[in-house]
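Okay, so here's the structure we're looking at.
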Amino acid sequence: LNLLRRKPNQPGLPPDKDNEKSASSSGTLGLLQKMMKKMMPQGPDQTKLSQMNFGGLGPKMMEKIMKEKGISTLPELMDLAVETGVKFTVCSMTMDLLGIQKEELLNLPNIQFAGIVSCLGQAVNSKLFIVF
């Protein structure tokens with residue numbers, strides 16, 4: 001979900017008019033939701049590449065190895081996924097839990113929203129499914 005979050009200067013999806021009951025769409029976020037949103041990265045540029053921080057050296061070492069091996073960066077992979085028509089299915093329950101609204105997500109042509117049961121059903125039948 002964090003990979004699909006947009007930065008303030010990027011175009012977002014139109015506001016969600018269908019789900020007026022959720023805390024995220026009504027604008028009444030709890031303190032914990034607000035704190036989590038502040039701490040979570042926005043988009044592939046801000047998402048950490050490695051959990052092995054080593055005082056900030058871990059991600060830099062991983063980037064160096066990836067460059068040496070000719071491996072695409074996360075933003076490049078996201079662009080490729082969009083270009084090739086990969087469907088991004090976003091769990092609406094997770095969005096509500098984290099207080100994320102549709103307009104906070106990147107305006108991708110192949111983004112869809114589903115409940116948890118539908119997301120899991122699609123995961124079972126998909127060729128690639130990633131959960132973060």
Side-chain angles (χ1 to χ4, degrees):
L1 192 57
N2 291 330
L3 293 175
L4 302 177
R5 290 181 67 208
R6 70 176 180 86
K7 294 178 188 167
N9 60 345
Q10 292 176 305
L13 292 168
D16 185 12
K17 305 233 187 246
D18 299 333
N19 195 1
E20 296 296 325
K21 290 183 259 180
S22 74
S24 59
S25 62
S26 66
T28 56
L29 295 179
L31 179 62
L32 290 176
Q33 286 175 312
K34 289 178 184 177
M35 288 171 53
M36 284 194 309
K37 277 177 69 168
K38 281 272 191 212
M39 293 186 297
M40 291 187 305
Q42 290 177 289
D45 294 347
Q46 290 184 350
T47 303
K48 290 182 181 178
L49 184 59
S50 173
Q51 293 297 320
M52 302 178 299
N53 199 11
F54 300 122
L57 291 177
K60 296 213 183 304
M61 290 188 298
M62 184 69 81
E63 288 171 10
K64 183 178 184 324
I65 293 169
M66 287 176 66
K67 189 173 183 178
E68 288 173 359
K69 303 272 184 193
I71 298 171
S72 300
T73 64
L74 189 53
E76 291 169 342
L77 291 172
M78 286 286 294
D79 289 342
L80 181 62
V82 170
E83 288 172 21
T84 57
V86 170
K87 291 181 186 173
F88 296 92
T89 304
V90 178
C91 177
S92 53
M93 183 181 75
T94 303
M95 286 179 59
D96 193 40
L97 179 74
L98 298 176
I100 296 174
Q101 300 171 357
K102 283 185 179 180
E103 59 267 19
E104 294 177 65
L105 300 179
L106 293 168
N107 191 3
L108 302 175
N110 43 2
I111 192 168
Q112 55 191 21
F113 300 88
I116 186 68
V117 174
S118 296
C119 283
L120 291 175
Q122 288 181 19
V124 169
N125 297 319
S126 70
K127 294 180 177 128
L128 174 65
F129 183 76
I130 301 171
V131 176
F132 291 98

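On a predicted model such as this, the values are computed, not experimentally measured, just so you know.
- In this structure, the side chains of V90 and Q112 stay at 4.5 Å or more apart for every pair of heavy atoms.
- Using a 4.5 Å heavy-atom threshold, the side chains of V82 and F88 count as touching.
- No side-chain heavy atom of K67 sits under 4.5 Å from any side-chain heavy atom of E63.
- D79 pairs by the salt bridge (charged side-chain N to carboxylate O under 4.0 Å, His left out) definition with nothing, not counting sequence neighbours.
- Here the side chains of Q101 and M95 are not in contact, with every heavy-atom distance at 4.5 Å or above.
- Looking at T84, its side chain does come within 3.5 Å of a backbone N or O of L80 through a donor-acceptor pair.
- Contact of the M78 side chain with the L4 side chain is registered, since non-hydrogen atoms from C-beta on lie closer than 4.5 Å.
- In this structure, the side-chain hydrogen bond (donor to acceptor under 3.5 Å, both in side chains) partners of D45, at least two apart in sequence or on a different chain, are K7.
- In terms of modelled atom types and a separation under 3.5 Å, the side chain of R6 and the main chain of E103 share a donor-acceptor contact.
- Between the side chain of N2 and the backbone N or O of M40 there is no donor-acceptor pair closer than 3.5 Å.
- Using a 4.5 Å heavy-atom threshold, the side chains of I100 and R5 count as touching.
- For K37, the salt bridge (charged side-chain N to carboxylate O under 4.0 Å, His left out) partners two or more places apart in sequence, or in a different chain, are E104.
- The nearest pair of heavy atoms linking N110 to G85 is ND2-C, 3.4 Å.
- In this structure, Q122 contributes its side chain and C119 its backbone to no donor-acceptor pair below 3.5 Å.
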